[in-house]
Amino acid sequence: MSRFLKVLKKFFNWMLGLLSSDMGIDLGTCNTLVYVKGEGVVLCEPSVVAIEKDTGIPVGFGDDAKKMLGRTPGNIVAIRPMRNGVISDFEITEKMLRHFINKVHNSKGRGFFHPRPRLVIAIPSGITEVEKRAVRDSAERAGARTVDLIEEPKAAAVGVGLPVEEPAGNMIIDVGGGTTEYAVISLGGIVYSKSIKVGGDGLDNAIMEYLKKTYNLLIGERTAEEIKIRIGSAYPLEEELTLDVRGRDLIAGLPKNITITSEEVREALQAPVQAIVDATKVVLENTPPELSSDLIDRGIVMAGGGSLLRGIDKRIAEETGLPVHVADDPMTAVVLGTGATLSMPARLRRRLVVKTRLDF
């Protein structure tokens with residue numbers, strides 16, 4: 001009888017899978033990406049929520065909310081519920097997740113009956129058991145049928161196509177918005193990992209601080225991000241660039257316009273970039289010799305939006321002596337990995353997903 005019930009349960013879950021939109025989610029500090037099984041990446045929006053101060057009611061999510069950053073009236077505040085890769089506001093994160101899940105799930109036109117989706121969510125490798133449970137609980141309350149967690153570097157490695165199930169060393173660096181994740185992976189498991197709280201946001205903050213100290217110019221997050229994208233670099237460029245920047249003069253309190261160079265931005269980014277390089281060396285120093293020899297041939301693969309910073313691969317390659325490759329589409333590497341996990345055989349999926357204490 002118990003065998004019959006197991007078969008019935010499998011059949012029931014299979015039917016639910018046909019009717020629901022199973023999803024892989026990269027719940028990032030800067031952006032949330034959603035992958036739907038069989039369709040690919042269907043959503044990429046900022047991890048930002050605009051809420052009314054007095055009532056706490058959300059008035060905008062994602063793209064709509066980001067447009068309000070720094071431009072909201074007194075009664076509306078645009079916030080990021082994710083900080084350094086983990087949830088800083090559980091209630092707002094749950095509402096944001098529910099909004100994105102419903103936005104994707106309800107757009108499929110499945111009629112009156114909407115089975116809840118199965119989710120695979122990427123999480124930083126260094127978070128605590130409590131933080132893992134918080135992510136899972138938020139996703140379940142947001143409407144998930146089941147929730148599996150996968151560490152971001154594992155998901156990124158799967159997403160860029162590394163043979164993680166082979167008995168050989170694969171090293172991945174995922175430069176996200178709030179953290180940079182490092183992992184050496186073999187046989188579907190992480191042999192050594194490291195996470196530092198330096199990422200795209202840290203690069204933006206370094207630019208803001210540099211302009212404040214050097215030019216007494218106050219700029220916002222969006223302007224700092226634009227500077228990083230347009231002229232930021234971690235390695236000398238063949239042709240250096242310039243950019244006009246507008247902000248507020250801290251002394252006069254009036255609008256001010258300056259011209260900065262890519263050399264200046266590189267100087268501003270020196271500290272966070274060096275932190276990323278130093279952490280890479282620490283990971284290599286702690287990698288078993290047998291796997292280190294594999295990295296000489298395979299090299300290091302970089303993913304995440306931060307890996308698009310000009311020359312960061314050259315900088316790491318120069319200081320480690322190893323070949324460094326940036327993924328073809330580093331922004332989507334993690335979410336593609338979560339999506340691939342949805343279709344994996346159960347045996348391999350069990351080796352990749354994270355177990356929390358309550359799972360045993």
Side-chain angles (χ1 to χ4, degrees), residues 22-35 41 43-44 47 80-90 92-94 96-98 100-101 117-144 146-160 164 172-185 188-201 279 303-306 330-342 344 349-360:
D22 291 344
M23 304 175 195
I25 297 179
D26 176 10
L27 189 61
T29 302
C30 291
N31 296 290
T32 296
L33 291 88
V34 178
Y35 176 103
V41 181
L43 183 141
C44 177
S47 301
R80 287 181 172 177
M82 303 288 295
R83 288 289 175 187
N84 297 322
V86 297
I87 296 176
S88 60
D89 190 315
F90 301 109
I92 297 300
T93 299
E94 181 183 329
M96 182 180 73
L97 262 177
R98 180 181 287 111
F100 289 145
I101 291 172
R118 178 167 60 105
L119 302 186
V120 175
I121 300 179
I123 58 170
S125 58
I127 69 174
T128 65
E129 289 291 326
V130 173
E131 289 166 336
K132 291 174 187 175
R133 291 300 308 175
V135 173
R136 173 169 287 181
D137 291 345
S138 293
E140 288 175 347
R141 286 195 295 266
T146 62
V147 181
D148 284 328
L149 306 179
I150 181 172
E151 292 160 317
E152 285 180 5
K154 276 188 187 179
V158 172
V160 300
V164 295
I172 187 85
I173 303 176
D174 176 30
V175 188
T179 61
T180 297
E181 305 281 331
Y182 304 78
V184 176
I185 303 171
I190 292 181
V191 178
Y192 184 82
S193 67
K194 184 175 180 62
S195 177
I196 61 172
K197 293 183 178 180
V198 177
D201 284 351
M331 287 284 290
T332 62
V334 171
V335 75
L336 288 175
T338 63
T341 305
L342 289 167
M344 283 181 178
R349 187 169 63 249
R350 283 195 297 269
R351 288 162 58 185
L352 289 173
V353 299
V354 175
K355 296 290 185 183
T356 58
R357 288 177 183 170
L358 294 182
D359 292 328
F360 293 100

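What you see is a predicted model, and the numbers here were worked out from it, not measured in a lab.
A distance-only check finds a donor-acceptor pair linking the side chain of D22 to the backbone of R118 [under 3.5 Å]. R98 places a side-chain N or O within 3.5 Å of a backbone atom of R141 that can act as its donor or acceptor partner. In terms of modelled atom types and a separation under 3.5 Å, the side chain of T32 and the main chain of S47 share no donor-acceptor contact.
In this structure, the side chain to side chain contact (heavy atoms under 4.5 Å, CB included) partners of M82, at least two apart in sequence or on a different chain, are L27, I87, T93. Residues satisfying the side chain to side chain contact (heavy atoms under 4.5 Å, CB included) test with A279, not counting sequence neighbours, are Y182, K194, I196.
From T128, atom OG1 reaches atom CZ of R133 across 12.0 Å, with rounding to the nearest 0.5 Å. Atom CG of L149 is separated from atom NZ of K132 by 8.0 Å, given to the nearest 0.5 angstrom. To the nearest 0.5 Å, atom CG of residue L119 and atom CD1 of residue I101 are 5.0 Å apart.
Annotation for I172 and A156: closest pair CG1-CB, 4.0 Å, computed over non-hydrogen atoms. Summarising the geometry of I150 relative to V120, their closest heavy-atom pair is CG2-CG1, 3.7 Å, with the distance given to 0.1 Å. The two residues R83 and S88 come nearest to each other via the heavy atoms CG-OG, 3.7 Å. Between A340 and V158, the shortest heavy-atom distance links the atoms CB-CG1, 3.7 Å. Of all the heavy atoms in A303 and A333, the pair that sits closest is CB-CB, 3.7 Å. Taking every heavy atom of both residues into account, G304 and D174 meet most closely at CA-OD1, 3.3 Å.
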Intermediate values then yes/no, side-chain contact (heavy atoms from CB on, under 4.5 Å), T341 and K154: CA-CA 10 Å; T341 305; K154 276 188 187 179; over 6 Å; no

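With respect to V335, the side chain to side chain contact (heavy atoms under 4.5 Å, CB included) criterion is satisfied by exactly one of L43, L33, V34: L33. The only member of I123, V334, L336, T338 that meets side chain to side chain contact (heavy atoms under 4.5 Å, CB included) when paired with D26 is V334.
Using a 4.5 Å heavy-atom cutoff, the side chains of I121 and V147 are in contact. Taking the side chain as every heavy atom from C-beta outward, C30 and R80 approach each other to under 4.5 Å. Using a 4.5 Å heavy-atom cutoff, the side chains of S193 and E181 are not in contact.
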